[in-house]
2 protein chains.
Amino acid sequence: MKIGKRYTQARKRIFTAIEKMDKPVSAQEIYDYIKQNYEEVDLASIYRNLELMNKSDAVNVILFGEGKKRYELKNKKGHHHHLFCEGCGDIKDIKMKEENLINNVKDSQGFVIKKHNLEFFGLCPNCQ
Amino acid sequence: MKIGKRYTQARKRIFTAIEKMDKPVSAQEIYDYIKQNYEEVDLASIYRNLELMNKSDAVNVILFGEGKKRYELKNKKGHHHHLFCEGCGDIKDIKMKEENLINNVKDSQGFVIKKHNLEFFGLCPNCQ
DNA sequence: TGACATATTGCGAATTATTCGCAATAATGT
DNA sequence: ACATTATTGCGAATAATTCGCAATATGTCA
């Protein structure tokens, strides 16, 4: 899982940030996290690297309709989906049986399916 | 399925536009479509109404990670998901067995699940 | 039907997320 | 250590969406 051609400071920091925060994070959150550690990586560089990491399958892009993208390291945990609390924005991982998720797709009309996003929305215990 | 308190020109036009285009559309696409018909609704009003329609469950919000939201009327077709072509952006509806999609969610950690988004990404016949 | 109360619109400006161009800097191979 | 060039930082540019507010249009009720 190699990102770009050089192992730069920025990449180390971004990778570590995502890993440590251990949940789907936005570019801005990565920026803030790095800054908390008295280091800094320009936001534009964070975006550029997230795109690279996505293309090389190092991260997943996760969408909750907040108007921004969230990113999560791919290898860390196995394949899973998310529960997004519409009250407080809390995010939980969930696993589910889905051996047949793609097989069950009726008539994919000639599409070659490469990946899927499945997110659940609801209310966490505190927000119910 | 009532949107707001008044049945305004803007609402008629927006509703008709989404219905006629018959696919998940962005706010801008709604705006352009209405304009083609020599009518006009301000973009801000389109956004405001889409939000209302979403809250009152008249439309679904659909995300493909393009950096914008897409909207689709809810009642028209039954529950379904989408195939998004990463090549040309073409969108197809798909149905699938999912009686047990939610039931299969293991350990929802006290969340009350209200809805889910499931989108597939791949390549359409032309883009393969 | 006409007038009122107020929900909704249009307009312009403001935000927020993300992208771009380019010169300066830092990784890597030799 | 040096040269090559990938990558960064910076500042400006886009794109999507939101906001404030005055003007307008709807639904209601006398």
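Just so it is clear: chains get the letters A, B, ... in the order the sequence lines come, proteins before strands, and each one is counted from 1. Hydrogens, waters and symmetry mates play no part in the numbers below; they use all other heavy atoms, side chains included.
Side chain of A/E29 to main chain of A/S26: a donor-acceptor pair is present (N/O by atom type, distance under 3.5 Å, no hydrogens or angles). For B/N54 (side chain) and B/L50 (main-chain N/O), no donor-acceptor pair under 3.5 Å exists by modelled atom type. In this structure, the side chain of A/K69 engages the main chain of B/G65 through a donor-acceptor pair within 3.5 Å. Using modelled atom types, no side-chain atom of B/S45 and backbone atom of B/V41 make a donor-acceptor pair closer than 3.5 Å.
In this entry the distance linking CZ of B/R13 with P of C/dT9 reads 11 Å, nearest Å. Note: CD1 (A/I46) to C1' (D/dT7) measures 14 Å, nearest angstrom. If you take NZ of A/K55 and P of C/dT19, they are 10 Å apart, rounded to a whole angstrom. In this structure, A/L50 places its CG atom 14 Å from P of C/dA17, rounding to the nearest Å. Atom CG of A/D32 and atom P of C/dA17 are 10 Å apart (whole Å). As rounded to whole Å, 14 Å separates atom P of C/dT9 from atom CD of B/E39. Rounded to whole Å, atom P of D/dA16 lies 15 Å from atom CG of A/L63. Note: CD1 (A/I3) to C1' (D/dT7) measures 14 Å, nearest angstrom.
A donor-acceptor contact closer than 3.5 angstrom links the side chains of A/D32 and A/Q28.
Each end of the helix from C/dT1-D/dA30 to C/dT30-D/dA1 gets its own axis from five base pairs, and the two axes differ in direction by 40°, given to 10 degrees.
Between B/E66 and A/A10, the residue anchored closer to the 5' end of DNA chain D is A/A10, taking for each the nucleotide with the nearest heavy atom.
Using a 4.0 Å heavy-atom cutoff across all strands shown, A/Q28 reaches no nucleic acid atom at all.
Taking a cutoff of 4.0 Å between a charged side-chain nitrogen and a carboxylate oxygen, A/K114 and A/D57 do not qualify as a salt bridge. Ion pairing of B/K35 with B/E39 is absent here, as no side-chain N (NZ or NE/NH1/NH2) approaches a carboxylate O to less than 4.0 Å.
Among B/E72, B/K92, B/R70, the one residue that satisfies the side chain to side chain donor-acceptor pair (under 3.5 Å) test with B/H82 is B/E72. Each of B/R11, B/R13, B/E19, B/K12 was evaluated against B/F15; a single residue qualifies, B/E19, per the side chain to side chain contact (heavy atoms under 4.5 Å, CB included) test.
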In B/S/- notation, 5' to 3', how is nucleotides 18-30 of chain D contacted by protein heavy atoms closer than 4.0 Å?
-> BBB----BBS---
